[in-house]
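I have placed the structure first, in the form of structure tokens, so that the comments after it can refer back to it.
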Amino acid sequence: MSRLLSRLLLLTLLAAPPALAEDAPSPAAAPPPSPVRIATEGGRPPFNYVEDGKPAGFEVALAQALCTEAKLTCTIVLHQWDGIIKGLEAGEYDAIMAAMAITPKRAARIAFTRPYMRIPFAYVARQDTSLPNPTPATLRGRTIGVAAHGPQVAYLEQRVPGAEIRTFDSLADATLDLRAGRVDVVLGDKLELANFLARPEGEACCRLVGEVPAGEPLLGEGAGIGLRKGDTALRETFERALAALIADGRYDRLRAKYIPFDTK
């Protein structure tokens with residue numbers, strides 16, 4: 001081989017990119033930590049509360065079941081609601097299960113699993129009100145009471161345009177006007193309304209007349225497990241465990257101890 005050809009071959013080899021550089025595997029996702037620290041608020045029964053000095057409630061029991069299914073060692077820690085996302089970002093714990101609704105604003109900061117709990121929105125009317133199957137057509141012309149600071153207002157404005165919407169500071173205030181006959185129907189969180197109907201004043205005056213159809217996007221996705229953005233392995237582990245609990249009925253058996261209706 002001539003000296004000129006040898007030099008050309010050497011220059012070609014030096015200029016070439018490192019072999020297989022494009023095929024290098026991406027870094028594997030970090031495995032879940034051990035123990036996995038799960039934060040809850042401890043102030044929202046029946047979802048989470050403190051009993052005998054320890055975290056308790058549906059979310060605490062579900063977290064323990066998820067960890068058992070996934071063969072994870074977990075601890076439950078309490079954190080006040082204010083700053084609970086900041087604590088996750090700072091590494092004080094690894095996950096949040098605190099009835100935290102999945103919203104675009106929160107999803108911009110942290111990751112979420114698929115929803116593990118959806119509380120339906122329901123309609124309540126007085127006993128003497130004839131209102132079969134509330135729909136935009138049957139609610140036309142009715143006065144509907146609703147809490148002002150929630151997604152139900154936008155839902156009614158867009159989905160039930162023929163109704164008169166009356167907003168209140170709280171759902172409890174709306175049910176007071178329902179009892180007094182100043183509104184025809186109240187729309188709100190089914191669990192809160194079920195608690196109202198279970199009390200003597202609610203049982204005497206009113207009844208559940210229907211629910212908003214499941215999957216209504218204006219009312220949100222539900223509550224998911226909050227995680228740091230990069231914790232892909234932990235998110236996938238929790239989602240597999242949740243699917244297993246739902247598939248074999250363990251989720252429903254656990255939920256029935258705390259909430260009297262389906263929350264999947």
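All values below come from the heavy atoms of this structure, side chains included, with hydrogens, waters and symmetry mates left out.
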Original post:
Do Arg199 and Glu203 pass the salt bridge (Lys or Arg N to Asp or Glu O under 4.0 Å) test, and can you show the C-alpha distance, the side-chain angles, and the key distance before you say yes or no?
Top reply: CA-CA 6 Å; Arg199 295 193 290 271; Glu203 185 179 14; over 6 Å; no
Original post:
Are any of the side-chain heavy atoms of Cys74 and Thr68 separated by less than 4.5 Å?
Top reply: no
Subject >> Main-chain N/O of Leu218 paired to Glu216 side chain as donor or acceptor, under 3.5 Å >> reply: yes
Original post:
Do side-chain atoms of Gln152 reach the backbone of Val146 as a donor and acceptor pair under 3.5 angstrom?
Top reply: no
Original post:
Would you call Leu227 and Ile110 a side-chain contact if the rule is heavy atoms closer than 4.5 Å?
Top reply: no
**OP:** Check whether NZ of the Lys or CZ of the Arg Lys257 lies under 6.0 Å from the centre of the six-membered ring of Phe58 and within 45 degrees of that ring's axis.
**Re:** no
Subject >> Beyond-backbone contact of Phe121 with Leu187, side-chain heavy atoms, under 4.5 angstrom >> reply: yes
Subject >> Thr237 side chain to Ala233 backbone, donor-acceptor under 3.5 Å >> reply: yes
Subject >> Salt-bridge present (Lys264, Asp252; N to O < 4.0 Å) >> reply: yes
Subject >> Side chain to side chain, Met117 and Phe47, heavy atoms closer than 4.5 Å >> reply: yes
Original post:
So how far is it from Ile38 CD1 to Leu66 CG, rounded to the nearest 0.5 Å?
Top reply: 7.5 Å
Subject >> Thr263 versus Tyr116, side-chain donor and acceptor atoms under 3.5 Å >> reply: no
Original post:
CE/Met97 to CG/Leu62 distance, rounded to the nearest 0.5 angstrom?
Top reply: 4.0 Å
Original post:
If every non-hydrogen atom of Arg106 is compared with every non-hydrogen atom of Ala101, which pair is closest and at what distance?
Top reply: NH1-O, 2.8 Å
Subject >> Shortest non-hydrogen contact between Leu88 and Tyr93, atoms and distance >> reply: N-CE1, 3.3 Å
Original post:
Quick one: does Arg207's side chain have a donor or acceptor within less than 3.5 Å of a partner on Thr129's backbone?
Top reply: yes
**OP:** Of all the heavy-atom pairs spanning Ala174 and Gly145, show the shortest one and how long it is.
**Re:** CB-C, 4.2 Å
Original post:
Taking side chain as C-beta onward, heavy atoms only, is Ile76 less than 4.5 Å from Arg37?
Top reply: no
Original post:
Do Pro132 and Thr138 have side-chain heavy atoms sitting under 4.5 Å apart?
Top reply: no
Original post:
Taking atom CG of Asp128 as the centre, does the number of heavy atoms from other residues, nucleotides or ligands within less than 6.0 Å exceed 12?
Top reply: yes
Original post:
Going by heavy atoms in the side chains, are Pro55 and Leu78 under 4.5 Å from each other?
Top reply: yes
Original post:
Rounded to the nearest 0.5 Å, what separation is found between the CG atom of Leu131 and the CZ atom of Arg126?
Top reply: 11.0 Å
Subject >> Derivation and outcome, salt bridge (Lys or Arg N to Asp or Glu O under 4.0 Å), residues Glu89 and Arg228 >> reply: CA-CA 6 Å; Glu89 293 172 323; Arg228 286 181 290 273; over 6 Å; no
Original post:
Yes or no on salt bridge (Lys or Arg N to Asp or Glu O under 4.0 Å) for Lys190 and Glu192, after CA distance, side-chain angles and deciding distance?
Top reply: CA-CA 6 Å; Lys190 185 177 179 180; Glu192 193 171 346; over 6 Å; no
Subject >> Heavy-atom closest pair, residues Val153 and Ala148 >> reply: CG2-O, 3.8 Å
Original post:
About how many Å separate OG1 of Thr75 and CD of Gln64, when rounded to the nearest 0.5 Å?
Top reply: 11.0 Å
Subject >> Spacing of OG1 belonging to Thr175 relative to CG belonging to Asp173, to within rounding of 0.5 Å >> reply: 7.5 Å
**OP:** Decide ring-ring contact (aromatic ring centres under 6.0 Å, His included) for Phe238 and Phe112; before the verdict, give the C-alpha distance in whole Å, the side-chain angles of both, and the deciding distance to 0.1 Å.
**Re:** CA-CA 10 Å; Phe238 275 135; Phe112 284 98; over 10 Å; no
Original post:
Do any N or O atoms from the side chain of Arg255 and from the backbone of Ile259 form a donor-acceptor pair under 3.5 angstrom?
Top reply: yes
**OP:** List the atom of Gly210, the atom of Pro134, and the distance in Å for their closest heavy-atom pair.
**Re:** CA-CD, 3.9 Å
Subject >> Presence of salt bridge, Arg250 and Glu69, under 4.0 angstrom >> reply: yes
Original post:
Do the side chain of Asp184 and the main chain of Thr143 share a donor and acceptor less than 3.5 angstrom apart?
Top reply: yes
Subject >> Closest contact, heavy atoms only, Leu242 versus Pro115 >> reply: CD2-O, 3.9 Å
Subject >> Cationic N near anionic O, under 4.0 Å, Asp177 to Arg182 >> reply: yes
Original post:
Are Leu234 and Asp94 close enough, and set up right, to give a side chain to side chain contact (heavy atoms under 4.5 Å, CB included), and what steps lead you there?
Top reply: CA-CA 9 Å; Leu234 185 57; Asp94 308 296; 4.2 Å; yes
**OP:** Determine whether Glu92 and His79 make a side-chain contact, defined as any pair of heavy atoms from C-beta on separated by less than 4.5 Å.
**Re:** yes
